[in-house]
Amino acid sequence: MTDFLNDLNEVQRNAVIATTGPVMVLAGAGSGKTRVITYRIAYLIRNEGVSPQNILALTFTNKAAGEMRHRVDTLLHQGSSRGLWIGTFHSIFARILRNSIDLIGYDKNFSIFDSEDSKSLIRQSMAELNISVESVPVNTVQGLISRAKNSFILPSEFHRNASDYNQQKASQIYELYARKLKENNALDFDDLLIKPLELFNAHPEVLQELQETFRYIMIDEYQDTNRAQYLVAKMLGAKHRNIFVVGDDAQSIYSWRGADISNILNFQDDYHDALTFKLVENYRSTGNILKAANNVISCNLRQIKKELISHRNEGEPLTLIEAYNERNEAERVGEQIRNLRLKQGFEFRSFAVFYRTNAQSRVLEDVMRQHKIPYKIFGSVSFYKRKEIKDAVAYLRFILNDRDGESLLRIINFPPRKIGDVSIAKLREFAEDRQISLYEAILHSGEGGFQPRLVNALSSFSAVIETLRKVAVDGTVYEVLTELFTLTSIPLLLQTENTPESLVRYENLQELLSMARDFSDHNPDTGSLGDFLENISLASDYDETQESDNYVSLMTVHAAKGLEFPVVFITGLEERLFPLHCYEPEELEEERRLFYVAMTRAQEKIFLSWAQSRYQYGQQHHCLRSMFIGEIDASIVQTESGNFLSDRQAKEKVASGFSSPSRGYQSKTATSSSAVAGVLPKSSQPAFREGTMVHHAVFGPGVVLDVQGSGAKQKVRITFRNAGEKTLMVQYANLRIQQ
DNA sequence: TAACTGCTCTTTTTT
DNA sequence: AGAGCAGTTA
């Protein structure tokens with residue numbers, strides 16, 4: 001019965017069998033973290049006779065949850081994972097809320113608003129409060145509100161503590177936005193995490209029941225939990241105290257989303273009797289890869305010290321690709337992939353190309369297509385975020401929850417029914433007069449004194465909705481969707497439009513339909529429309545992987561967490577791109593952890609690439625090599641032609657004196673203008689100091705922030721009144737000093 | 001009401 | 001460079 005424990009090393013095994021009381025496992029990259037959790041679940045079920053219904057495992061992605069479930073099934077026997085509570089924080093909490101949210105004044109059929117819906121609602125709130133989008137950007141507001149929610153700060157408290165203008169405005173908007181969400185009977189992503197707390201506080205009996213249920217709680221990627229997640233987990237585990245958390249502070253990359261690294265750093269303060277295990281034996285990567293990763297992460301100050309120990313041979317050095325521009329970078333990545341496949345027998349699925357921002361995927365995609373390399377981009381425009389899908393889904397959402405105003409606005413005039421903004425405004429007024437919802441206003445539009453044409457349009461709309469509702473009562477999701485497509489002729493319209501885009505959209509709707517059919521087959525019981533929608537709302541493109549397909553994976557580094565590939569390309573290693581922004585030292589440390597995550601995904605080979613110039617927001621920029629590259633021991637990094645960096649650096653040092661990598665980029669405009677304008681004679685180059693007022697031919701007036709280097713290599717960082725912050729080579733910038 | 005046009009802003013990363 | 005938006009026109 002304990003045979004499967006032999007697959008584990010001693011520390012792993014000890015962690016698995018320590019089933020009682022709080023346990024923390026610090027698991028370095030590739031040290032068998034998922035293995036420990038899954039074996040522990042299997043051990044609980046098989047050796048300790050725990051019923052699956054009493055085990056809760058929380059993950060951050062659906063993919064991780066799916067994989068865990070799959071592995072438990074493999075470990076025991078098919079179907080063993082039935083009844084297990086395995087899922088993302090968001091989906092498990094949504095499930096809890098579906099059961100009892102009526103206790104805190106929501107309808108159980110609540111809608112889940114994605115960030116687009118939520119942004120639109122924030123925009124509405126701002127309009128009502130007469131706060132212009134120019135004064136405070138919607139994105140900023142959304143970020144502030146989200147952060148507040150995740151820290152479990154209520155509007156009133158946020159308002160009290162608002163220190164600057166943006167926060168003050170955001171706190172006002174937060175209040176109205178929260179009210180509007182409730183009016184819509186909707187929860188945003190953050191609500192899914194914080195509403196359980198509200199529920200538990202108001203109704204302790206709900207909490208008690210759940211505490212009884214969840215005798216064993218396991219949390220993956222604990223370093224990425226935010227305050228709300230931390231609190232709920234703590235409450236749920238308070239009775240049995242069998243809390244088992246796994247994480248790696250070195251892989252904490254979500255602080256921008258409110259993740260609080262101190263949750264893991266302070267675990268032992270919360271649970272004094274906690275057992276701690278450290279997994280540092282790495283089975284994934286070669287010695288050189290680990291060495292490089294260790295080199296880099298040791299530059300961070302705030303960390304739990306642990307050096308990963310390799311279980312594999314040294315392997316090959318890392319390879320540096322230095323490209324002219326982003327296109328060249330992509331081409332050389334493609335070339336390497338082709339060569340390695342042909343000469344060393346790697347399959348397409350062995351390769352992953354990582355980048356810091358989604359925008360970088362475009363060129364890579366182009367080149368892959370040109371070179372006929374099969375590829376898949378993870379998380380570009382999610383299937384569910386496509387307009388046609390969102391429109392169709394909005395109908396489904398609205399059938400269940402007719403207070404969902406966002407959905408209503410999407411579908412009321414789609415397909416076009418000649419109900420425009422003006423009519424909607426009139427309808428709104430009518431609804432407000434009578435204190436009824438917008439949909440009720442539509443149902444009673446005959447009494448509103450509207451033009452007959454509008455009343456007709458509105459009643460044809462409500463007829464569609466009512467018909468669909470009837471179908472939904474005892475029909476499957478598939479049937480509802482089919483009826484929707486028949487009634488509205490949406491697919492037909494797209495087909496007759498017959499443009500390449502409309503045909504793609506048509507295909508997408510067919511895809512949705514077949515997903516619905518799939519779902520209906522697996523969930524034959526009626527009333528599963530809500531479940532279907534929940535899956536859709538909480539799903540993302542990052543989740544699906546089909547083992548059978550053979551393609552190169554393209555994704556952001558964030559999306560790569562938890563995955564592994566034989567060959568990894570880390571692209572765009574340039575200052576201000578990766579690391580992206582470094583206003584604060586902590587932010588730089590997070591970027592470094594992100595780079596660490598990227599490197600530790602690799603099993604055999606790592607390629608690091610950067611481009612000397614790159615298009616960013618439609619402008620070409622000169623780039624500087626990322627400081628991260630220099631943090632790796634130069635004796636294990638070679639160029640494509642096989643020269644080691646250590647040799648090259650030695651030569652360079654002799655030739656031109658040591659130059660350390662410095663920050664920033666120069667604008668191409670500045671460089672090229674200098675060719676025309678000429679360069680000041682060296683002797684007459686003015687001296688720049690911090691605070692010097694200057695004038696630039698293109699950027700206009702500005703102030704020097706700091707000066708780097710001297711002589712021909714001197715650079716100045718300048719904040720321009722109208723052009724923002726730039727770093728310029730003094731030699732080329734042709735700056736005039738303003739007295 | 002809907003289509004068109006020029007304008008702005010974008011780019012962090014995800015559930 | 002490209003998407004999305006507001007404002008304008010048919």
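Per chain, numbering begins at 1; letters A, B, ... match sequence-line order.
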Query raised in the report: Out of B:dT11, B:dT15, B:dT14, which has the shortest distance to the side chain of A:His90?
Result: B:dT15

Report task. Consider the side chain of A:Thr88, meaning its heavy atoms from C-beta on, and name the nucleotide among B:dT15, B:dT14, B:dT1 that approaches it most closely. Result -> B:dT15

Requested in this report: Would you indicate, yes or no, if B:dT14 has its OP1 or OP2 atom less than 4.0 angstrom from a side-chain nitrogen or oxygen of A:Ser115?
Outcome: no

Query raised in the report: Relative to the ring of A:Phe628, is the ring of A:Phe595 parallel (under 30°), tilted (30 to 60°) or perpendicular (over 60°)?
Result: parallel

Query raised in the report: A:His558 has a side chain; which of B:dT15, B:dT1, B:dT13 sits nearest to it?
Result: B:dT13

Report summary line: Nearest-nucleotide check on DNA chain B, A:Glu590 vs A:Lys426; residue mapping nearer the 5' end is A:Lys426

Report task. Among B:dT14, B:dT13, B:dA2, find the nucleotide with the atom closest to the side chain of A:Pro416. Result -> B:dA2

Query raised in the report: Given atom CD of A:Gln616 and atom P of B:dC9, what is their separation to the nearest angstrom?
Result: 19 Å

Query raised in the report: Base, sugar-phosphate, or nothing: which does A:Asp114 touch, judged by heavy atoms less than 4.0 Å apart?
Result: nothing

Query - Distance, rounded to the nearest Å, where A:Leu493 contributes CG and B:dA2 contributes P - result: 13 Å

Requested in this report: Give the rounded distance in Å between these two atoms: OH of A:Tyr355 and P of B:dT13.
Outcome: 10 Å

Requested in this report: Would you tell me if any nitrogen or oxygen in the side chain of A:Ser91 comes within less than 4.0 Å of OP1 or OP2 on B:dT15?
Outcome: no

Report summary line: Contacts of A:Leu577 and A:Gly420 projected onto DNA chain B by closest heavy atom; the upstream (5') one is A:Gly420

Query raised in the report: Rounded to the Å, how far apart are A:Phe414 CZ and B:dA2 C1'?
Result: 15 Å

Requested in this report: Could you tell me whether the phosphate oxygens of B:dT13, OP1 or OP2, come under 4.0 Å of any side-chain nitrogen or oxygen in A:Asn358?
Outcome: yes

Requested in this report: Side chain of A:Asn139 only, please: which of C:dG2, B:dT10, B:dT15 is the nearest?
Outcome: B:dT10

Query raised in the report: Any side-chain N or O of A:Asn413 less than 4.0 Å from the OP1 or OP2 oxygen of B:dA2?
Result: yes

Report task. May I ask you to check whether A:Phe430 and A:Phe450 place their ring centers less than 6.0 Å from one another? Result -> yes

Query raised in the report: Counting side-chain heavy atoms from C-beta on, which of C:dG2, B:dT1, C:dC5 comes nearest to A:Arg362?
Result: C:dG2

Query raised in the report: How is A:Phe60 classified with respect to the nucleic acid when contacts are heavy atoms under 4.0 Å: base, sugar-phosphate, or nothing?
Result: sugar-phosphate

Query raised in the report: Roughly how many Å is it from CG in A:Asn456 to P in B:dT1, rounded to a whole number?
Result: 14 Å

Query - A:Met126 side chain reached by A:Val141 side chain, heavy atoms, under 4.5 Å - result: yes

Query - Distance, rounded to the nearest Å, where A:Trp256 contributes CH2 and B:dT15 contributes P - result: 9 Å

Query raised in the report: Could you walk me through whether A:Arg410 and A:Glu116 pass the salt bridge (Lys or Arg N to Asp or Glu O under 4.0 Å) check?
Result: CA-CA 12 Å; A:Arg410 279 198 91 89; A:Glu116 206 182 307; 3.7 Å; yes

Query raised in the report: Checking all strands, does A:Tyr615 fall into the base, sugar-phosphate, or nothing category for heavy-atom contacts under 4.0 angstrom?
Result: nothing

Requested in this report: Side-chain contact test, heavy atoms from C-beta onward, threshold under 4.5 Å: evaluate it for A:Glu331 versus A:Gln370 and give yes or no.
Outcome: yes

Query raised in the report: To the nearest Å, how far apart are A:Glu587 CD and B:dT11 P?
Result: 17 Å

Query raised in the report: Atom CD1 in A:Ile153, atom CD1 in A:Ile145: separation rounded to 0.5 Å?
Result: 12.5 Å

Report summary line: Out of B:dT14, C:dC5, B:dT1, minimum distance to the side chain of A:Ser423 belongs to B:dT1

Report summary line: note: A:Glu221, atom CD; B:dT14, atom P; distance rounded to Å ~ 14 Å

